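Model, not experiment: these values are computed from the prediction.
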Amino acid sequence: MSDASSEPQAAASALTRLPKTYDPTSVEDRIYKMWEDSGAFTADATSTKEPFVISMPPPNATGQLHLGHAVMLALEDIFIRFARMQGKEALWVPGTDHAAIATEAVVIRQIQKEEKMPDPRATLGREEVLRRIADFVMKSQGTIRSQVRKMGSSCDWSRERYTMDPMLNRCVNEVFVKMYNDGLIYRGHRIVNWDPKMKTTVSDDEIERKEEKAPFYTFQYGPFQISTARPETKFGDKYVVMHPDDKRYKKYKHGDTFEAEWMNGPVTATVIKDKAVDPEFGTGVMTITPWHDAVDFEIAERHELDKQQIIDYEGKLLPIAEEFSGMPIEKARPLIVGKLQKKGLLVKTDENYVHAVAVSYRGGGVIEPQIKEQWFVDVHKEVVLWKKKKMSLKQILQEVVRKKEIAIIPERFEKTYFHWIDNLKDWCISRQIWWGHRVPVYYCEVCTSGKTVTTEKTEGRRQKTVGMFVSVKALDRCPACGGSMHQDEDTLDTWFSAALWTWSTLVDPALADDFSLDLPELLKRSPDFQKFHPTSVMETGYDILFFWVARMILMTTYATGQIPFKTIYLHGLIRTRDGKKMSKSHPETMIDPLDIIPKYGADALRLSMIVGQSPGNDSKLYEEKIAGYRNFINKLWNASRFVLMQCEEAGIDPAEVRDTSFETRELSLADRALLYALEELVEDVTKGIEAYRLSEVGERLYGFVWDFFCDWYLELSKGNANHAVLIHALRRILKLLHPYCPFITEELWAHMKPQKSGLLIKESWPAEKKERKDKKSFDDLHHVIDIITAVRSLRAEYGIEPSKLGTVTIVSKKIELLESQRENIMRLGRIDVLTIQEKSLGSTKDLASYFLEKTEVHLHLAGLIDIEKEKTNLSKEKETLSKLIGAIEAKLKNKEFVARAPEEVITGEREKLASYQEKLTKIEERLKNL
RNA sequence: GGGCAAUUAGCUCAGUUGGUUAGAGCGCCACAUUGACAUUGUGGAGGUCACAAGUUCGAAUCUUGUAUUGCCCACCA
């Protein structure tokens with residue numbers, strides 16, 4: 001290499017100043033800014049190009065980037081960059097979610113702690129609490145934004161949205177009103193999941209069940225024995241229920257009454273027969289607590305039984321519990337059992353009873369079912385017009401997936417999806433927290449207080465309330481009487497607004513205050529919605545298939561008449577080395593992308609999460625894996641550095657190399673083989689990404705760059721470099737690798753792009769050129785590679801130092817090919833005397849031999865040969881071959897095989913047999929000669 | 001209780017409609033040190049594809065059963 005000081009061409013020498021190792025920290029932020037400034041992320045709604053759209057699942061506005069986000073961003077960025085390079089109008093909409101319960105909880109806790117305020121909601125009031133939460137969100141929103149950038153996400157920041165943006169809020173109200181008018185939203189007293197800790201209802205999907213061991217008591221109740229793990233709910237019990245077909249209780253008729261001594265003295269109880277009771281369980285008889293149990297509630301509804309509240313919303317007993325009134329349930333339970341025992345009513349206690357306790361997903365508090373007046377989405381009512389049929393929301397959910405309008409990857413999740421729909425009940429959408437989209441319902445203080453509130457049952461459970469108005473626009477005055485109004489206190493489930501995400505983000509924000517437009521009109525006047533909806537791919541974790549994905553399908557199809565996306569790609573969870581969930585309680589197993597990126601680079605992190613991860617399956621991540629991909633990135637860096645140095649030495653400016661410059665020149669075997677392999681690579685990568693096989697494609701690229709391009713092509717090109725081919729190959733590689741590793745490829749591209757080209761992110765995806773596919777060259781090169789490997793293997797076997805050159809004889813019929821590759825074979829095999837001949841070597845003894853198909857490789861080892869070792873090696877090989885030959889012969893003798901197997905399989909076997917036999921003969925000859 | 005998945009080298013995983021001497025990365029063993037790269041190179045060892053039966057000319061691959069592990073769903077008081 002030339003001395004830098006004697007080099008006058010400062011511009012050219014700059015290339016070799018690429019550092020020996022790639023340093024992502026000095027590159028990534030700068031590259032990201034270049035992309036952003038270039039406008040490459042910004043999609044054009046007026047373009048005529050085919051759209052390709054992804055809505056980014058919005059992280060919590062107050063969140064921190066974690067591996068779940070990282071894997072999502074990496075996958076989506078690959079899809080988007082690939083589509084963009086393919087010439088599609090690629091749009092990736094970023095945004096953040098207000099995460100109602102989670103955010104409110106964080107801020108409340110913070111106030112409690114910092115200002116020693118036990119109940120901030122009571123002390124500060126709604127307006128002040130909301131102002132503080134909004135402040136907090138504003139301050140922390142920037143964090144997640146910059147972290148999303150760190151991953152290299154090429155999303156369109158000019159279209160960034162937040163679930164609480166005015167237009168998105170408007171969309172929520174529009175949909176609520178539409179659903180109310182269609183009878184799909186109703187208000188009713190139903191049993192809901194009450195979280196006494198957060199003081200709000202939560203939906204069925206927001207609770208999880210935890211197995212818990214609890215004493216299981218059996219009590220005497222009149223003539224019956226009933227069992228329960230929750231005696232504290234039993235104060236008001238006055239019905240016993242049994243299965244109608246249970247013979248043991250045949251003499252009791254439905255509606256019979258009897259006297260029973262119970263907690264607070266004698267009660268009159270009624271016999272109810274209902275199929276919900278399992279005769280096999282316990283005594284087959286139970287008492288019911290309709291206010292605090294979903295099944296009991298349904299039984300009570302069926303038979304129009306009385307319902308009574310026993311536990312308040314704080315989790316304390318009500319006055320019906322007499323001396324236990326005001327007591328928290330955990331404390332009261334043993335005391336109640338004690339009281340019943342004293343009365344002689346406790347029959348037995350099973351201490352080993354295990355049951356599933358419902359726990360709040362967020363707060364972790366034990367859920368207490370309660371009857372409350374809440375807002376619900378009716379999923380059964382068949383009023384939605386879809387493809388000219390009236391359907392329920394449930395039916396729409398099934399229809400679009402069954403008719404393949406939406407595909408789920410991996411397919412098996414369709415089953416899970418359908419199963420979930422089958423069990424879907426009406427969705428409770430109101431929450432008793434303040435942070436969120438307030439229910440757009442207004443109550444007249446005059447109408448409702450002037451007249452008594454009358455409710456009339458219309459259809460089923462739906463009720464109509466006088467003085468209640470559901471409105472998109474805020475109402476100050478009662479439209480009926482002009483009286484002052486107040487808005488419903490509740491807010492909507494976070495998933496209600498999230499369910500609109502694919503399209504509410506595309507509605508023109510400028511129209512947010514134009515109330516002269518209805519929803520269809522808003523959509524019509526939004527160019528983004530017109531151009532970019534439905535979106536192409538919804539990529540997210542399988543763990544929110546129900547929470548979010550299904551609800552988007554439900555709400556979007558209903559509200560816009562369009563499916564929200566065509567394909568659902570579900571990725572798995574990233575776990576620790578031991579397959580456990582990464583959790584903050586075990587910091588040693590945690591991998592924090594924010595630590596990893598500075599250390600290994602975003603490209604390496606991306607690869608380590610994508611390769612080895614298949615859709616729908618969890619994958620494991622640990623630091624060595626990431627380091628491995630960091631090494632790969634560095635390998636690519638050095639290969640490029642090498643090529644650039646070669647160009648520099650030859651006085652060639654890579655920018656002037658045109659993609660076809662090599663076509664007029666004489667190409668070496670390796671060049672022709674490389675060109676073939678590159679075209680194959682283009683085909684595999686393109687088809688692979690199109691089929692969502694990202695892991696496979698990643699491995700393919702990794703192997704190509706390292707095992708073929710670096711290990712063979714670059715080595716072969718040394719001393720005989722075809723600079724045009726080198727540059728062409730690297731450009732191809734950079735393009736194909738760009739969606740996976742955007743940073744390093746963009747950085748290297750700057751050094752070798754053609755003169756007039758700009759950023760790699762805007763380059764077009766390579767098209768496969770079939771005319772360059774010279775397979776024979778590729779196969780020939782592989783033969784040469786096999787020979788070189790054979791020589792190396794023989795040398796290693798005999799411990800010949802790499803510095804010592806060897807004498808080798810190759811016996812082959814492919815004289816012309818091998819002669820043309822003489823230099824390469826000698827250099828890479830470390831040979832100084834090479835004989836290539838057609839005729840066999842006869843009885844020479846001091847040879848170590850390696851037998852390839854059609855070619856023998858002999859290493860001359862004057863004096864060093866260990867004949868016994870050689871014999872053992874060859875005999876081993878002979879044995880293996882004999883076995884293989886035996887197996888194939890048996891196959892070919894089998895008439896059934898010859899008759900039934902396809903022609904090409906049979907010819908294949910015959911060819912294999914012939915080549916094995918030839919090799920065997922050679923080995924036997926050689927053994928005889930030793 | 002119902003459903004879904006997984007089980008292939010010491011570890012993490014590929015293996016696309018059944019036909020390969022079953023592959024890769026990491027780790028391991030031996031050798032190599034100013035040569036694009038030690039974040040490296042060269043060579044090597046390592047697997048009865050969880051088990052059993054079946055379908056087939058032929059099974060890691062298809063069917064059934066068993067075992068182990070993980071996940072999801074469910075109203076068993």
Student: Would you give the length of the straight line joining atom CG of A:Leu570 to atom CD of A:Glu411, rounded to the nearest 0.5 angstrom?
Tutor: 12.5 Å
Student: With A:Ile825, which of A:Val857, A:Ile831, A:Val808, A:Ile785 fulfils side chain to side chain contact (heavy atoms under 4.5 Å, CB included)?
Tutor: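 The passing option is A:Ile831.
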Student: Which nucleotide sits closest to the side chain of A:Phe642: B:A5, B:C75, B:A36?
Tutor: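 Ranking B:A5, B:C75, B:A36 by closest atom to the A:Phe642 side chain puts B:A36 first.
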Student: Taking the six-membered ring for Trp, are A:Tyr629 and A:Tyr600 ring centroids under 6.0 Å apart?
Tutor: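 That pair fails the under 6.0 Å test.
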Student: Check every atom of B:C57, B:A38, B:A77 against the side chain of A:Arg900 and return the nucleotide holding the closest atom.
Tutor: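 The listed nucleotide nearest to A:Arg900's side chain is B:C57.
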Student: Can you tell which of B:A77, B:U40, B:U20 lies closest to the side chain of A:Lys912?
Tutor: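 The answer is B:U20, which lies nearest to the side chain.
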Student: Taking B:U8 as the reference, what is the distance to B:A52 when you measure between their P atoms (whole Å, please)?
Tutor: 16 Å
Student: Taking the nucleotide of RNA chain B with the closest heavy atom to each, which residue, A:Val643 or A:Thr789, is nearer the 5' end?
Tutor: A:Val643
Student: Does the Lys NZ or Arg CZ of A:Lys869 fall within the cation-pi geometry relative to A:Tyr798 - under 6.0 Å from the ring centre and within 45° of the axis?
Tutor: yes
Student: Compare the minimum distances between each of B:A14, B:G25, B:U16 and the side chain of A:Arg693, then state the nucleotide with the smallest one.
Tutor: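 It is B:U16.
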Student: Could you tell me whether A:Ala294 contacts a base, only the sugar-phosphate backbone, or nothing, with contacts defined as non-hydrogen atoms closer than 4.0 Å?
Tutor: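 Here A:Ala294 touches no strand at all.
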Student: Should the pair A:Glu623-A:Lys599 be classified as a salt bridge under the 4.0 Å nitrogen-to-oxygen rule?
Tutor: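 Judged by the 4.0 Å cut-off on N to carboxylate O distance, A:Glu623 and A:Lys599 do form a salt bridge.
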Student: Can you see if the side chain of A:Lys620 gets near the phosphate of B:U12 - specifically, an N or O under 4.0 Å from OP1 or OP2?
Tutor: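 For A:Lys620, the contact criterion (side-chain N or O under 4.0 Å from OP1 or OP2 of B:U12) is met.
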Student: In whole angstrom, give the distance that lies between atom CH2 of A:Trp706 and atom C1' of B:A36.
Tutor: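 For the pair A:Trp706 CH2 and B:A36 C1', the rounded distance is 13 Å.
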Student: Would you kindly give the OH-to-P distance between A:Tyr239 and B:A77, to the nearest whole Å?
Tutor: 22 Å
Student: What I want to check is whether the side chains of A:Asp237 and A:Thr289 have a donor and an acceptor closer together than 3.5 Å.
Tutor: yes
Student: With a 4.0 Å limit, can you tell me whether A:Asn631 has a side-chain N or O closer than that to the phosphate oxygens OP1/OP2 of B:C37?
Tutor: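 No, outside the criterion.
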Student: Determine the stems involving RNA chain B; a stem requires 3 or more consecutive pairs of the Watson-Crick or G-U wobble kind, each with both distances below 3.5 Å, and the answer is none if no such run exists.
Tutor: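 Runs of three or more consecutive pairs: B:1-7 with B:67-73, B:10-13 with B:23-26, B:28-32 with B:40-44, B:50-54 with B:62-66.
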Student: Specify the separation, in whole Å, of atom CD1 of A:Ile610 and atom P of B:A24.
Tutor: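 To the nearest whole Å, that distance equals 23 Å.
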Student: Looking only at atom C1', what distance separates B:G27 and B:G10, rounded to whole Å?
Tutor: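 Taking atom C1' in both B:G27 and B:G10, they lie 8 Å apart.
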Student: Is the phosphate of B:G41, meaning OP1 or OP2, less than 4.0 Å from a side-chain N or O of A:Lys635?
Tutor: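 Checking B:G41 against A:Lys635, a side-chain N or O does come within under 4.0 Å of OP1 or OP2.
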Student: Please confirm whether the shortest side-chain N or O distance from A:Tyr702 to OP1 or OP2 of B:A24 is below 4.0 Å.
Tutor: no
Student: Write down the distance separating the P atoms in B:U34 and B:U39, rounded off to the nearest Å.
Tutor: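 So the two P atoms sit 16 Å from each other.
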Student: Classify the side chain of A:Glu715 and the base of B:A36 as holding, or not holding, a donor-acceptor pair under 3.5 Å.
Tutor: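 For A:Glu715, whose side chain was compared with the base of B:A36, there is a donor-acceptor pair (under 3.5 Å).
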Student: Nearest to the side chain of A:Asp278, heavy atoms from C-beta on, is which of B:G43, B:C76, B:C72?
Tutor: B:C76
Student: Is the phosphate of B:A36, meaning OP1 or OP2, less than 4.0 Å from a side-chain N or O of A:Lys718?
Tutor: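 Looking at the OP1 and OP2 atoms of B:A36, one of them is under 4.0 Å from a side-chain N or O of A:Lys718.
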Student: What is the distance from CD of A:Gln646 to P of B:G35, rounded to the nearest Å?
Tutor: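 Spelled out: CD on A:Gln646 to P on B:G35 is 14 Å.
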Student: Tell me: CG of A:Leu607 to P of B:C13, nearest whole Å?
Tutor: 17 Å
Student: Are A:His355 and A:Tyr353 an aromatic pair by the rule of ring centers under 6.0 Å?
Tutor: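 Ring centroids of A:His355 and A:Tyr353 are less than 6.0 Å from each other.
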Student: Hey, is the side chain of A:Lys20 poking within less than 4.0 Å of OP1 or OP2 on B:C37, counting only N and O atoms?
Tutor: yes
Student: May I ask you to establish whether A:Lys625 and A:Tyr622 are in a cation-pi arrangement, using a distance under 6.0 Å from NZ or CZ to the six-membered ring centre and at most 45° from the ring axis?
Tutor: yes
Student: Between A:Leu884 and A:Cys710, which is nearer to the 5' end of RNA chain B once each is assigned its nearest nucleotide?
Tutor: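 Mapping each residue to its closest nucleotide by heavy atoms, the 5'-most match is A:Leu884.
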Student: On a whole-Å scale, what distance lies between the P atoms belonging to B:A45 and B:A50?
Tutor: 24 Å
Student: Check the distance between B:C73's C1' and A:Asp422's CG and give it to me in whole angstrom.
Tutor: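 Taking CG of A:Asp422 and C1' of B:C73, I get 11 Å after rounding.
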Student: Where the side chain of A:Arg792 is concerned, which of B:A36, B:U42, B:A32 is the nearest nucleotide?
Tutor: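 Out of B:A36, B:U42, B:A32, the nucleotide with an atom closest to A:Arg792's side chain is B:U42.
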Student: How far, in whole Å, is B:A74 from B:G2 if one measures between their C1' atoms?
Tutor: 7 Å
Student: Take atom CZ of A:Arg641 and atom P of B:U40, then tell me their distance rounded to the nearest Å.
Tutor: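 Distance, rounded to whole Å: 15 Å.
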Student: Does the separation of the ring centres of A:Tyr713 and A:Phe708 fall below 6.0 angstrom?
Tutor: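 No.
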Student: Among the candidates B:C4, B:U21, B:C31, find the nucleotide nearest to the side-chain atoms of A:Arg412.
Tutor: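 So the side chain of A:Arg412 is nearest to B:C4.
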Student: Once you round it to whole Å, what is the distance between P of B:G23 and CD of A:Glu696?
Tutor: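 Going from CD in A:Glu696 over to P in B:G23 covers 17 Å.
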Student: Using the C1' atom on both, measure B:C13 against B:U21 and round to a whole Å.
Tutor: 22 Å
Student: Of the candidate nucleotides B:G43, B:C73, B:C37, which contains the atom at the shortest distance from the side chain of A:Ser793?
Tutor: B:G43
Student: Side chain of A:Asp711 only, heavy atoms from C-beta on: which candidate in B:A77, B:G41, B:A14 is closest?
Tutor: B:G41
Student: Rounded to whole angstrom, note down the P distance from B:A6 over to B:A14.
Tutor: 9 Å
Student: Could you tell me whether A:Tyr22 contacts a base, only the sugar-phosphate backbone, or nothing, with contacts defined as non-hydrogen atoms closer than 4.0 Å?
Tutor: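 The residue A:Tyr22 makes no contact with any strand.
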Student: So which nucleotide from B:A36, B:C4, B:C37 ends up closest to the side chain of A:Asn634?
Tutor: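 Of the candidates, B:C37 comes closest.
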Student: Aromatic ring centroids of A:Phe547 and A:Tyr361 under 6.0 Å?
Tutor: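 Yes: the rings meet the under 6.0 Å criterion.
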Student: If we count only N and O atoms by modelled type, under 3.5 Å, do the side chains of A:Ser695 and A:Ser614 hold a donor and an acceptor together?
Tutor: no
Student: Is there a side-chain contact between A:Lys625 and the phosphate of B:C26, meaning an N or O under 4.0 Å from OP1 or OP2?
Tutor: no
Student: Which whole number of Å gives the distance between the C1' atom of B:C75 and that of B:U48?
Tutor: 49 Å
Student: Examine B:A14: is either OP1 or OP2 under 4.0 Å from a nitrogen or oxygen in the side chain of A:Ser614? Give yes or no.
Tutor: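 The answer is yes; a side-chain N or O of A:Ser614 sits under 4.0 Å from OP1 or OP2.
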